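Heads up: the structure comes next, in structure tokens.
The first residue in the sequence is number 1, and the count goes up from there. As the structure is a prediction and not an experimental result, all values here were calculated from the model.
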Amino acid sequence: MPSFKLRSIIVASAFTALSALAHAETTAVMAVTSTFTTMDPYDANDTLSQAVVKSFYQGLFGFDKDMKIQNVLATSYEASPDAKVYTIHLRKDVKFHDGTDFNADAVKAVFDRVTDPNNKLKRYNLFNKIDKTEVVDPYTVKITLKIPFAAFINVLAHPSAVMISPTALRKYGKDIASHPVGTGPFEFVE
């Protein structure tokens, strides 16, 4: 039975700040009865792998219980009238578990990786409409698509569309699946 160890991260949000509640650091050991295939969300096609990585990764957007788009690491976005250019504004003061700042450079690194066909990632086809990702400023990224696609933000809310530390991507390369580094509520330990 595969298992992995996670450590919770102390989370400060508007709610916890207002209610004076804080989360203490905790260690959790998770045992999974089935074998998941990878901890690289961009190279996974199975539901179990996607569920496992949601513990330590977050995306720009997500879905609420009614399947409506909600901001996660993004604060807002604008789409061009032709649905080819998406400008996304990012949360500030967010760090990856390795201490790397979450910013527009990190978003660019993640999308440049998945849209490079040479990387042969399983989720390539989900993101192959992206022509280029550009840093507008430290907390704004512009994604230009090859064709108009009005539902693109829904793609960015997909469970695989998460942010990975660019420092970890450079350090571990193809072995990132064994060293996941995200911004989520749990930090991967072993």
Give a yes or no answer on whether the side chain of [X] reaches the backbone of [Y] with a donor-acceptor pair at less than 3.5 Å.
X	Y	value
Asn103	Pro138	no
Asp82	Lys84	yes
Ser76	His89	no

Mind checking whether [X] and [Y] have side chains closer than 4.5 Å, heavy atoms only?
X	Y	result
Arg113	Ile164	yes
Val114	Asn119	no
Tyr77	Ile143	no
Leu126	Ser160	yes
Val181	Thr167	no
Tyr172	Ser178	no
Leu156	Ile88	yes

Atom pair [atom1] ([X]) and [atom2] ([Y]), whose distance is rounded to the nearest 0.5 Å:
X	Y	atom1	atom2	value
Leu121	Thr115	CG	OG1	9.5 Å
Thr100	Arg170	OG1	CZ	7.0 Å
Ile147	Asp131	CD1	CG	11.0 Å
Leu73	Arg91	CG	CZ	5.5 Å
Gln70	Phe61	CD	CZ	11.0 Å
Gln58	Leu60	CD	CG	10.0 Å

Atom of [X], atom of [Y] and distance for their closest heavy-atom approach:
X	Y	answer
Ser165	Asp98	OG-OD2, 2.7 Å
Ala106	Asp101	CB-O, 4.4 Å
Lys146	Ile130	CE-O, 3.5 Å
Leu145	Phe149	CD1-CB, 3.8 Å
Val110	Leu169	CG2-CD1, 4.4 Å
Asn125	Asn128	O-OD1, 3.1 Å

Determine whether [X] and [Y] fall in the same hydrophobic cluster, where Ile, Leu, Val, Met, Phe, Trp and Tyr are linked whenever their side-chain heavy atoms lie under 4.5 Å apart.
X	Y	value
Ile153	Val85	no
Leu90	Val94	yes
Val135	Phe127	no

Parallel, tilted or perpendicular: rings of Phe96 and Phe102 (30°, 60°): perpendicular
Plane angle bin for Phe152 and Tyr86 - parallel if under 30°, tilted between 30 and 60°, otherwise perpendicular: tilted
Atom CG of Asp137 with >12 non-hydrogen neighbours under 6.0 angstrom: yes
Audit row: His158, Arg123, side chain to side chain contact (heavy atoms under 4.5 Å, CB included) steps and yes/no: CA-CA 11 Å; His158 187 276; Arg123 292 297 179 174; 3.6 Å; yes
Residues Tyr57, Thr183; criterion side chain to side chain contact (heavy atoms under 4.5 Å, CB included); working and verdict: CA-CA 5 Å; Tyr57 286 123; Thr183 61; over 6 Å; no
Electrostatic pair Lys108-Asp112, nearest N-O below 4.0 angstrom: yes
